[in-house]
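These notes concern the structure reproduced below.
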Amino acid sequence: MSFTFASWNVNSIRQRERHVLDWLDRVKPDLLCLQELKCETGVFPASFAEAGYHPVVVGQKAYNGVAMLTREPAEVINLSLPGFENDASRYVELRMAGMVIGNLYLPNGNSGGAAGFETKLNFLDALAHRAKELLEAEEDFLFTGDFNVCPTDEDYAPGALSPDDALLRPESRAGWHRLLWLGLTDALRALHPTGRHYTFYDYQNAAFQRNAGLRIDHALLSPRLAERLVSVTPDRDERARDQPSDHIPLIVTLS
DNA sequence: ATGACTTTTGCTAAAAGA
């Protein structure tokens, strides 16, 4: 019995409704985690439920917004990240198939000056605290979503970011590595230790055609789940469609 | 080059994204 989930920052669910429906029909995952809905909860498209998926939606006007679509009903655990004092819709967590699964959209950290960057670090702190809680409770769990962190210099194309970008600042990377030091596994690098495996391509300057991307969408697995890891695939085909999101789906299969 | 795209918004511009 395997379990397939994916993370996808869709950059407006209303603009990408058709893409997501087609993708669900093609991939048929057990769970799809969405970020950057850019719509209020009440206007989240009904078509996904009509296609047989159970939606858990945390939206807001204009910005942010996360949702989880599950093939089987799931138990909602959190509609925000415990310990992150902020009203932006950036986290939703549920329990299904014996796992706790957190779907997150981390602040980019490049806007809003020092306070904006601090908000990003606060989110990473709260995420580490949540990981500790789940480890102490001996839960099998995973975090997936748009982390807005390039973990290493191999995770972005040369020249794709300025050297002081919030995606690769030492403080951002320290927040990421703190999660690894707790014992979580970076799913993609566990199976593909080297090489370019990007999940985002800027709309500008033909970034996709030049493979000038970033690896910022991730899945972090608790120890027992890491042992079940079968495959991790950034779905590049999706970026070649008409009017795509700038992010592509990251597909993960567990045994 | 404080830009280039794309989306959303009190929408004939600005802000945010990354």
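Protein chains get the first letters and strands the later ones, always in sequence-line order, with residue 1 at the start of each. Please read all numbers here as calculations on a predicted model, not as lab measurements.
Partners of Ser222(A) according to the side-chain contact (heavy atoms from CB on, under 4.5 Å) rule, which considers only residues two or more places apart in sequence or in another chain, are Asp140(A), Phe141(A), Leu184(A), Leu225(A). With sequence neighbours excluded, the residues that form a side-chain contact (heavy atoms from CB on, under 4.5 Å) with Ala49(A) are Pro55(A).
Rounded to the nearest Å, the gap between the C1' atom of dT12(B) and that of dT2(B) is 22 Å. Comparing dC11(B) with dT6(B), their P atoms sit 23 Å apart, to the nearest whole Å. Atom name P, nucleotides dA13(B) and dA18(B): the rounded distance is 27 Å, in whole Å. Of the C1' atoms belonging to dG10(B) and dA1(B), the separation is 31 Å, rounded to the nearest Å.
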With a 3.5 Å cut-off and sequence neighbours excluded, list the donor-acceptor pairs that the side chains of residues 248-255 of chain A form with protein atoms.
from	atom 1	to	atom 2	distance (Å)
Thr253(A)	OG1	Thr4(A)	OG1	3.1
Ser255(A)	OG	Arg228(A)	O	3.4

Contact string for nucleotides 8-18 of chain B, one letter per nucleotide 5' to 3', B = base within protein heavy-atom range under 4.0 Å, S = sugar-phosphate only, - = neither, reads SSS-----SSB
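Ring geometry, Trp23(A) versus Trp8(A): the interplanar angle falls from 30° to 60°, so the pair is classed tilted.
Sorted by first then second residue, the ring-ring contact (aromatic ring centres under 6.0 Å, His included) pairs that include residues 37-77 of chain A, not counting sequence neighbours, are Phe44(A)-Phe48(A). Within the structure, salt bridge (charged side-chain N to carboxylate O under 4.0 Å, His left out) contacts touching residues 87-98 of chain A (residues at least two apart or in different chains) are Glu75(A)-Arg95(A), Glu93(A)-Arg130(A), Arg95(A)-Glu139(A).
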